[in-house]
Amino acid sequence: MLHKFIPFKQKELTTEEQLTKSKDFYHLLNERRSVREFSDRSVPKEVIENIIKAGGTAPSGAHKEPWTFCVISNSALKTEIRKAAEEEEKKSYGGRMSDRWKEDLEPLGTTWEKPFIEIAPYIIVVFKRVHETVEGEKRNNYYVNESIGIACGMLISAIHNAGLVTLTHTPSPMNFLGKILKRPENERAYLLLPVGYAANDAEVPDLQRKTINELMVVYN
Ligand code: IYR
């Protein structure tokens with residue numbers, strides 16, 4: 001059955017406002033960096049809730065919203081997750097990743113050690129819901145990877161906008177997360193994000209982003 005449709009009122013901006021707002025937003029996002037060294041400074045719970053709500057505004061295939069955001073602040077759980085993640089990472093860095101892959105990671109200085117999982121006040125583990133069960137019947141969701149990728153992008157932007165830092169951590173394989181967090185069988189771990197403040201002595205690599213000419217191809 002068709003949804004009830006309601007009028008859509010677009011917020012009108014002047015050209016000047018469009019120019020300023022688009023530039024300011026770009027500058028804001030351009031300041032975002034993946035940070036690997038965290039402080040244990042606490043973050044208000046309501047800020048985390050607002051961030052999660054922002055992630056949940058993402059578009060999704062047939063509006064199925066195929067995501068669950070698990071927010072972990074419990075120390076024992078964080079320790080358990082860190083241990084399990086490092087076990088997988090040790091195997092990955094110790095041989096599962098190709099030599100080329102390890103060469104590509106070398107300039108970033110990443111290793112199998114993931115202390116940020118325990119130090120950051122919050123860990124968000126994003127799960128994708130591959131199907132729902134309606135009246136006992138399995139129903140697949142649509143464009144799950146696209147939908148959840150967009151939601152994570154919005155979540156990361158919201159984290160940055162709130163003056164916090166994060167890192168997209170992808171221990172591989174990630175199925176230990178579903179087990180530790182006792183998620184239902186229709187959910188698969190997608191991304192692990194520590195959230196908090198950067199350590200005082202945190203450093204990031206001096207990276208350059210692609211220029212507009214490298215990013216954009218125009219067809220007039
Ligand atoms: N998942 C590992 C390895 C890793 C892979 C890529 I591609 C990175 O950009 C960074 C790390 C880890 O989280 O360390």
Side-chain angles (χ1 to χ4, degrees), residues 29-40 43 48 51 55 67-75 77-128 130 144-160 164-181 183 187-199 201-211 214-215:
L29 290 192
N30 197 35
E31 282 164 8
R32 185 203 57 78
R33 296 302 310 265
S34 291
V35 171
R36 293 187 159 76
E37 292 135 300
F38 279 72
S39 139
D40 61 1
V43 171
I48 298 294
I51 285 164
W67 42 62
T68 303
F69 301 91
C70 292
V71 177
I72 302 116
S73 58
N74 177 285
S75 299
L77 266 182
K78 286 197 289 182
T79 301
E80 196 180 345
I81 292 172
R82 176 185 176 180
K83 271 173 113 181
E86 287 184 335
E87 245 165 65
E88 293 299 351
E89 293 294 83
K90 239 184 230 173
K91 288 183 210 155
S92 296
Y93 282 86
R96 262 194 318 222
M97 291 192 288
S98 66
D99 289 343
R100 172 65 56 78
W101 192 349
K102 278 184 273 186
E103 246 169 62
D104 279 337
L105 285 179
E106 218 174 270
L108 298 172
T110 62
T111 71
W112 61 267
E113 286 175 287
K114 305 296 169 191
F116 54 76
I117 298 177
E118 265 182 306
I119 298 169
Y122 287 101
I123 302 296
I124 300 176
V125 182
V126 187
F127 285 87
K128 62 178 180 184
V130 287
V144 172
N145 285 322
E146 290 82 348
S147 304
I148 199 150
I150 297 166
C152 287
M154 295 173 79
L155 181 74
I156 292 165
S157 304
I159 292 168
H160 175 64
L164 300 169
V165 296
T166 189
L167 162 72
T168 51
H169 176 41
T170 50
S172 174
M174 291 183 112
N175 44 359
F176 68 88
L177 289 164
K179 287 189 195 127
I180 294 175
L181 299 172
R183 299 312 306 158
E187 291 191 359
R188 310 273 180 277
Y190 182 80
L191 199 58
L192 187 160
L193 299 150
V195 181
Y197 295 93
D201 57 355
E203 289 188 340
V204 292
D206 187 12
L207 303 178
Q208 299 305 312
R209 294 192 162 113
K210 283 183 176 178
T211 64
E214 292 165 315
L215 286 170

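Source: prediction; values computed, not measured. When a ligand or atom number is given, it counts from 1 through the structure's own listing order.
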Do me a favour and list the nearest non-hydrogen protein atom to [atom] with residue, atom name and distance?
atom                    : value
atom 12 (C) of ligand 1 : Glu89 OE2, 2.8 Å
atom 1 (N) of ligand 1  : Thr170 O, 3.1 Å
atom 8 (C) of ligand 1  : Leu105 CD2, 3.3 Å
atom 7 (I) of ligand 1  : Trp101 NE1, 3.5 Å
atom 13 (O) of ligand 1 : His169 ND1, 2.9 Å

Can you find a non-hydrogen atom of Trp112 under 4.0 Å from ligand 1?
no

Does any non-hydrogen side-chain atom of Arg36 lie less than 4.5 Å from one of Glu113?
no

Salt bridge check: are Arg183 and Glu187 linked by an N-O gap of less than 4.0 Å?
yes

Side-chain ion pair, Arg82 and Glu118, N-O less than 4.0 Å:
yes

State whether the shortest distance between N or O atoms of Thr110 and N or O atoms of ligand 1 falls below 3.5 angstrom.
no

Should Arg36 be counted as touching ligand 1, given the test is an N or O pair under 3.5 Å?
no

What part of Tyr93, side chain, backbone, both or neither, has a heavy atom within less than 4.0 angstrom of ligand 1?
side chain

Output for pair (Arg33 CZ, Leu167 CG), nearest 0.5 Å, gives 12.0 Å

Nearest 0.5 angstrom please: Leu193 CG to Cys70 SG, how far?
12.0 Å

Is a donor from one side chain sitting under 3.5 angstrom from an acceptor on the other, for Thr170 and Tyr190?
no

Check the angle between the aromatic planes of Phe38 and Phe116 and answer parallel, tilted or perpendicular using the 30° and 60° thresholds.
tilted

